[in-house]
2 protein chains.
Amino acid sequence: MNATDILKLHNIKKTAGRLAIINALQESTCPLSENEIKELMLESYDRITFYRNIQTLTAVGIIHKIVVDNTLIRYGLNCCETVHEHSAHRNTHAHFYCEQCHSVVCLQEVKIPEFCLPEGFISADSDIIIKGKCEKCNH
Amino acid sequence: MNATDILKLHNIKKTAGRLAIINALQESTCPLSENEIKELMLESYDRITFYRNIQTLTAVGIIHKIVVDNTLIRYGLNCCETVHEHSAHRNTHAHFYCEQCHSVVCLQEVKIPEFCLPEGFISADSDIIIKGKCEKCNH
DNA sequence: ATATATTTGCAACATTGTTTCATTTGAAAA
DNA sequence: TTTTCAAATGAAACAATGTTGCAAATATAT
Ligand SMILES: [Mn+2]
Ligand SMILES: [Mn+2]
Ligand SMILES: [Zn+2]
Ligand SMILES: [Zn+2]
C-alpha cells in the first residue's frame with residue numbers, strides 16, 4: 001500500500017513529513033534509526049516535526065518503535081493489511097538485534113510464548129528483543 | 001553480602017559513590033531509576049561519576065540495567081552469591097513493568113523460553129519486558 | 001473558494017549522555 | 001607507616017536527545 005493510502009486509512013492528514021517517513025521505511029528491508037530516516041528524507045526533515053510525527057504514526061499504529069537500548073532506537077513499519085479498530089497497537093512480534101552489524105529484524109514468524117507470571121501479575125503486552133548474530137553475519 | 005565485600009569480590013575499588021549506589025539498591029525491593037538512587041545517595045551524588053560507576057558496576061556484573069523505554073531506565077542489583085568467571089553478565093531473567101505504578105520487578109522465577117529463530121540467526125541473549133498490572137495494583 | 005482544526009517550524013528550554021583533564025584517593029608495595 | 005601510582009573523581013564544556021509554546025502555514029471538509 002502506498003504512503004498516501006496508509007495515512008488516509010488511519011484518518012490522519014497527508015503531510016510531506018509523514019509521507020517521507022513512511023516512504024523511507026517502505027524502501028528499507030528492516031527498521032531504521034532516526035538518522036537513517038533523516039538521510040532518506042533529505043530536505044523535508046525537521047527534528048521537532050519528526051518527533052511529533054513519529055509519535056502520531058506510532059499512536060495510530062502505522063509504525064512501531066523498537067528500543068534496543070536507550071541510545072539505540074529503531075522504527076519499523078507495521079504491516080497493516082487490515083485496519084484495527086483500536087489504534088495504539090500493541091507490539092505483536094519479537095525483534096532480533098545483531099550485535100555485530102547492529103541491524104534490527106522484525107521476527108514476525110517467531111511465536112511469542114505465554115509467560116507464567118507470579119500470582120497477581122497481569123500481562124497486557126511484552127517487549128522481546130533477542131540479541132545475537134544475524135544470518136548475514138554468520139557468513 | 002555488604003557493599004564493601006561485593007566490590008572486593010569483583011576486584012574494583014571501594015569508593016563512596018559505588019558504595020552509595022549499591023546500598024541504595026540493597027535498601028530497595030525493586031530496581032531504581034537514576035533519580036531514585038540520587039535521592040538515596042544524598043551528598044555523594046555526582047552525575048558524571050554516577051554514569052561512570054553505573055557503567056563499571058554493570059560491566060563487572062554487580063548491577064544490571066533495565067531499559068523499559070528510552071526515557072525509562074531502572075538499575076537492579078544482581079544476586080551474586082556465586083562469583084562468575086567472565087564478567088559482563090548476560091541478563092538471565094525477564095522483567096515486569098507495571099503500567100499503572102511504573103514499578104519494575106525482576107522476574108527471577110519466570111522461565112525464559114528458547115525462541116525458535118529463522119535459519120541463520122544465532123541468539124546469545126534476550127531482553128524480555130512484560131508490561132501490565134502488578135500485584136499491588138490489582139487491589 | 002472559504003473556513004477551521006491540524007500540522008509545521010522556530011525558538012527556547014530541559015534532560016540525558018560523553019569527553020577531557022587536573023586533582024584526589026584507594027590500595028598495594030616498600 | 002610512608003611511599004607510590006594506577007584508578008577514580010569532579011569540574012567544565014560539549015553533544016545528543018526530547019519537550020513545550022506559539023505564530024504561521026496547510027490539509028481537508030463544507
Ligand atoms: Mn517489528
Ligand atoms: Mn532484574
Ligand atoms: Zn548482523
Ligand atoms: Zn503496579
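These figures come from a predicted structure and were not determined experimentally. Chain letters run A, B, ... following the sequence lines, proteins first and then strands; every chain starts at 1.
- The residue A/Ile73 sits close only to the backbone: its heavy atoms come under 4.0 Å of sugar-phosphate atoms, none of a base.
- Judged by closest nucleotide on DNA chain C, A/Asp46 is the one of A/Asp46 and B/Gln55 placed further toward the 5' end.
- Mapping A/Ile48 and A/Thr71 onto DNA chain C by nearest heavy atom places A/Ile48 closer to the 5' end of the strand.
- Checked against D/dG18, C/dC10, D/dT9, the side chain of B/Arg52 finds its nearest nucleotide in D/dT9.
- Residues B/Arg18 and B/Asn70 both approach DNA chain D. Their nearest nucleotides, taken by heavy-atom distance, put B/Arg18 toward the 5′ side.
- Just one residue in the list A/Glu39, A/Lys38, A/Glu34 forms a side chain to side chain donor-acceptor pair (under 3.5 Å) with A/Tyr45, and that residue is A/Glu34.
- Note on ring orientation: taking the six-membered ring where Trp is involved, the planes of A/His64 and A/His93 are perpendicular (angle over 60°, cut-offs 30° and 60°).
- Of the side-chain N and O atoms in A/Asn35, none sit less than 4.0 angstrom from OP1 or OP2 of D/dA16.
- Rounded to a whole Å, the OH atom of A/Tyr45 is 14 Å from the C1' atom of C/dC10.
- The CG atom of A/Leu19 sits 10 Å away from the P atom of D/dA27 (whole-angstrom rounding).
- You'll find the side chain of B/Val110 stays beyond 4.5 Å of the side chain of B/Ile128, heavy atoms only.
- At a threshold of 4.0 angstrom between heavy atoms, the contacts of B/Lys13 include nucleobase atoms, whether or not backbone atoms are also involved.
- Using a 4.0 Å heavy-atom cutoff across all strands shown, A/Thr15 reaches sugar-phosphate atoms only and no base atom.
- Comparing D/dT28, C/dA27, D/dT9 against the side chain of B/Lys14 picks out C/dA27 as the nearest.
- Per the geometry, CD belonging to B/Glu34 stands 13 Å off C1' belonging to C/dT18, to the nearest Å.
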Requested in this report: Evaluate the side chain to side chain contact (heavy atoms under 4.5 Å, CB included) criterion for residues A/Ser123 and B/Lys131: first the C-alpha distance (whole Å), next the side-chain angles of each, then the deciding distance (0.1 Å), finally the verdict.
Outcome: CA-CA 6 Å; A/Ser123 160; B/Lys131 300 178 181 180; over 6 Å; no
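- Classified by interplanar angle (parallel below 30°, tilted 30° to 60°, perpendicular above 60°), the ring pair A/Phe96/B/Phe121 is perpendicular.
- Spacing between atom CG of B/Asp69 and atom P of C/dT15 amounts to 17 Å, rounded to whole angstrom units.
- Protein atom CD1 of B/Ile12 is 17 Å distant from nucleotide atom C1' of C/dA28, rounded to whole Å.
- Under 3.5 Å, the side chain of B/Arg47 and the base of D/dG10 form no donor-acceptor pair of N or O atoms.
- Going from atom CG of B/Asn53 over to atom C1' of C/dG26 covers 13 Å, rounded to whole Å.
- As a whole-Å value, the separation of A/Tyr51 OH from C/dT15 P is 16 Å.
- Rounded to a whole Å, the NZ atom of A/Lys8 is 8 Å from the P atom of D/dA29.
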